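The sequence lines fix the lettering, A, B, ..., with proteins before strands; numbering per chain opens at 1. Bear in mind that the values here come from a model prediction, so they are computed numbers and not experimental data.
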Protein chains: 2
Amino acid sequence: MRFMTSLRFIDAVAREKSIRKAAEKLAITSTALNRRILQIEDEIGQPLFERLASGVRLNTAGELFVQHIRTQQADLARVQSQIADLSGIRRGHVRVASGAETLRHFLPDVIARYRSEHNAVTFDISRQHGEAAEAALASLETDLALIFEPIRRSDFQTIATTRQAVYCCMAETHELASFDTIRLHHLLDIPVILPTIHSGIRQLLNVGLMRRNMQLATMLETDSQEFTQNYLLNERVIGFQIPIGLPQNMANGQPENGLIARPIDSADVPQGKLHIGHLRGRVLPVAAAKFMDLMITELGERFPKDLDQ
Amino acid sequence: MRFMTSLRFIDAVAREKSIRKAAEKLAITSTALNRRILQIEDEIGQPLFERLASGVRLNTAGELFVQHIRTQQADLARVQSQIADLSGIRRGHVRVASGAETLRHFLPDVIARYRSEHNAVTFDISRQHGEAAEAALASLETDLALIFEPIRRSDFQTIATTRQAVYCCMAETHELASFDTIRLHHLLDIPVILPTIHSGIRQLLNVGLMRRNMQLATMLETDSQEFTQNYLLNERVIGFQIPIGLPQNMANGQPENGLIARPIDSADVPQGKLHIGHLRGRVLPVAAAKFMDLMITELGERFPKDLDQ
DNA sequence: GCAAGTGGTGCAAAAAACGCATCGCTATTA
DNA sequence: TAATAGCGATGCGTTTTTTGCACCACTTGC
């Protein structure tokens with residue numbers, strides 16, 4: 001899109017906060033980039049950047065203008081997507097921001113299912129905790145977000161939610177594997193691996209622990225699910241997960257690969273909601289909108305009783 | 001705005017339905033314009049226009065793209081307006097579509113009042129009946145519309161209304177000038193000048209006449225208020241107007257320049273509403289938003305009892 | 001006080017846009 | 001049916017714009 005070039009350049013400079021750095025990324029010389037910016041500023045009638053010794057920074061006018069550029073880019077993408085949709089083949093690009101929970105099973109499954117019908121559509125999946133995902137929606141860096149509790153910003157528009165209880169994961173030989181439901185007091189003195197405070201799971205656990213004035217024997221804190229799952233096989237520790245992050249068999253209580261999952265009683269730790277949504281007021285590109293529909297369908301199939309639309 | 005050139009050109013071709021005609025308006029050769037369009041179509045990956053022997057016409061993709069261009073232009077205007085507003089001087093351009101009623105006294109007064117404070121703001125005032133004004137809002141050719149009954153489209157967002165009774169205008173020597181309020185049956189066999197069917201006044205009159213199963217002695221039908229006002233001095237005919245279209249003295253029942261106005265009893269002809277509004281969902285440029293505020297203020301001063309917000 | 005950054009500028013080369021002349025096509029008109 | 005007028009598309013030489021190089025003026029950090 002030739003007519004977008006100058007605008008893309010300004011966006012890049014705003015992100016890099018430096019003309020020379022942006023020029024390098026854009027594979028042109030800093031002088032050409034500099035002059036494009038001066039030209040736009042001249043046309044606007046006011047500077048968009050403050051010049052600092054260490055680079056540049058958007059001024060108020062620049063903030064307004066860059067916001068315009070980003071909404072404009074997003075709208076152009078939507079229009080292109082709709083136009084591509086006219087010609088039969090669904091073409092397009094979908095950007096999803098999500099917490100780690102959905103990355104292992106849910107998103108791969110849904111994307112495979114979607115691409116089996118529309119293989120011209122491409123994806124960007126970025127792993128981000130809730131707050132960052134909401135910011136990415138607002139700056140139009142992503143189209144859709146999956147956020148597991150809590151929703152912070154009012155400009156996040158939830159399209160569907162599904163209730164998810166917190167599960168304990170452990171080796172199938174673990175002493176707690178014999179319970180159908182885990183109570184918090186069962187976990188006293190049992191070493192646990194906790195997700196970091198950015199995770200909704202951790203925040204729900206904290207609510208339950210505060211209520212009971214309890215503390216867990218935290219042996220390790222990590223954002224890595226891969227680490228947690230693998231470590232559980234080596235030691236008699238407990239990890240935490242929500243059903244959507246588990247293989248379907250494990251979510252149903254059966255063991256898999258030596259691991260087993262058991263829900264925590266919802267009287268001890270409240271259930272949370274996984275939100276699927278987008279930026280309020282945005283019209284999504286066709287591909288993104290259809291992909292969201294499919295995610296909701298898939299959620300309905302996996303958790304028929306717990307889906308809210 | 002150099003980066004908008006290609007987009008403006010496409011918009012122009014879409015409006016003219018001809019590359020050569022658009023080129024003439026844009027003061028370039030048809031060949032240059034033709035190549036810009038081919039280039040954009042190439043970048044989009046699909047044609048935007050159907051080529052006919054008599055010119056070009058937007059195809060479906062083109063409709064989508066041109067709609068994008070227009071919203072983009074409107075949003076850019078808003079951003080420019082906000083940026084200009086940052087530097088203290090309010091600068092900008094306001095486009096108003098209105099029926100004839102407000103053109104004689106109300107709009108000139110309000111614009112003069114506005115420009116006495118913000119003389120860098122410029123205006124486009126286009127006279128259009130309700131339906132066309134709503135279409136102009138939807139295609140982003142105008143920012144604000146003043147429409148006197150009825151509102152047809154659901155994407156028109158009313159911000160304020162004021163009730164307006166239909167008045168009879170006549171020479172002050174006219175036999176009906178002695179009544180404080182005119183009843184429809186007074187008008188039997190008295191020659192009248194009617195506004196055309198596009199006018200809200202005409203439509204309200206029709207409602208009253210239908211109810212009473214009456215017909216007026218229509219001597220002439222015209223959209224021109226200038227004609228009507230001047231003709232009333234020459235013959236014993238009646239014209240129709242709403243208060244906002246009258247000098248304030250006449251609206252208060254006093255004669256002016258040999259003419260006088262008397263309201264029709266609202267039991268005979270229902271009162272109508274003058275709507276001030278814009279396209280639903282649009283964020284107006286600063287100048288337009290402030291101008292709308294001032295119009296509403298002015299309405300409140302002129303018709304303190306009849307304003308709804 | 002020097003080195004390593006930054007954004008800005010003069011000038012020549014490269015690239016893009018433009019205007020002219022002309023083609024091929026279609027609908028209208030004689 | 002043949003001539004004509006109007007349309008968009010294209011080849012080519014010219015003009016305008018954009019780019020890259022070399023360099024300046026300036027600030028920051030050591």
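- Spacing between atom CG of B:Leu38 and atom P of D:dG11 amounts to 12 Å, rounded to whole angstrom units.
- Contact annotation for B:Leu52: no contact, since no heavy-atom pair falls under 4.0 Å across all strands.
- As rounded to whole Å, 14 Å separates atom P of D:dG8 from atom CZ of B:Arg57.
- Applying the ring pair (Phe, Tyr, Trp, His ring centres under 6.0 Å) test to A:Phe291 and every residue at least two apart in sequence or in another chain returns A:Tyr114, A:Phe123.
- When DNA chain C is scanned in the 5' to 3' direction for atoms under 4.0 Å from non-hydrogen atoms of chain B, the outermost contacting nucleotides are C:dA17 to C:dA27.
- Sorted by first and then second residue, the salt bridge (charged side-chain N to carboxylate O under 4.0 Å, His left out) pairs involving residues 122-131 of chain A (not counting sequence neighbours) are A:Glu131-A:Arg152.
- In this structure, B:His278 has no ring pair (Phe, Tyr, Trp, His ring centres under 6.0 Å) partners at least two apart in sequence or on a different chain.
- If you measure from atom CD1 of A:Ile28 to atom P of D:dC21, you get 12 Å, rounded to the nearest angstrom.
- Between B:Arg36 atom CZ and D:dG8 atom P there is a gap of 17 Å when expressed in whole angstrom units.
- Side chains of A:Thr228 and A:Leu220 form no contact here, defined as non-hydrogen atoms less than 4.5 Å apart.
- Evaluated for a side chain to side chain contact (heavy atoms under 4.5 Å, CB included) with B:Leu140, the options B:Gln73, B:Arg70, B:Gln72 yield exactly one hit, B:Arg70.
- With A:Leu33 as the fixed residue, the side chain to side chain contact (heavy atoms under 4.5 Å, CB included) test singles out one of A:Ile28, A:Leu38, A:Ile10: A:Ile28.
- For residues 281-293 of chain A, every residue pair satisfying the side chain to side chain donor-acceptor pair (under 3.5 Å) rule, not counting sequence neighbours, is listed here: A:Asp143-A:Arg282.
- Less than 4.0 Å separates DNA chain C from no heavy atom of any residue of residues 60-69 of chain B.
- At whole-Å resolution of the value, CD1 in B:Ile37 and C1' in D:dA9 are 12 Å apart.
- In this structure, the side chain to side chain donor-acceptor pair (under 3.5 Å) partners of A:Thr102, at least two apart in sequence or on a different chain, are A:Ser98.
- Separating the CG atom of A:Leu26 from the C1' atom of D:dT18 is a distance of 15 Å, rounded to the nearest angstrom.
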(request) Determine, for nucleotides 22-30 of chain D in 5'-to-3' order, which nucleotides have protein heavy atoms under 4.0 Å from the base (write B), from only the sugar-phosphate (write S), or from neither (write -). (result) -----SS--
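- Every residue meeting the side chain to side chain donor-acceptor pair (under 3.5 Å) condition with A:Thr196, not counting sequence neighbours, appears here in chain and number order: A:Asp223.
- Using a 4.5 Å heavy-atom cutoff, the side chains of A:Arg280 and A:Ser154 are not in contact.
- Between B:Lys17 atom NZ and D:dG6 atom C1' the separation is 18 Å, expressed in whole Å.
- Every residue two or more places apart in sequence or in another chain was checked for a side chain to side chain donor-acceptor pair (under 3.5 Å) with A:Glu134, and none qualifies.
- Under the 4.5 Å side-chain criterion, counting only non-hydrogen atoms from C-beta, A:Arg15 is in contact with A:Glu141.
- Side-chain N/O atoms of B:Ser18 include one lying less than 4.0 angstrom from OP1 or OP2 on D:dG8.
- Atom P of nucleotide D:dC21 and atom CG of A:Leu33 are separated by 15 Å, given to the nearest angstrom.
- Scanning for side chain to side chain donor-acceptor pair (under 3.5 Å) contacts around A:Thr122 gives A:His93, with sequence neighbours left out.
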Could you run down the sub-3.5 Å N/O contacts of the protein with nucleotides 12-16 of chain D?
residue	atom	partner	partner atom	Å
D:dC12	N4	B:Arg35	NH1	3.4

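- A:Glu43 and A:Gln39 share a donor-acceptor pair across their side chains, judged by distance under 3.5 Å alone.
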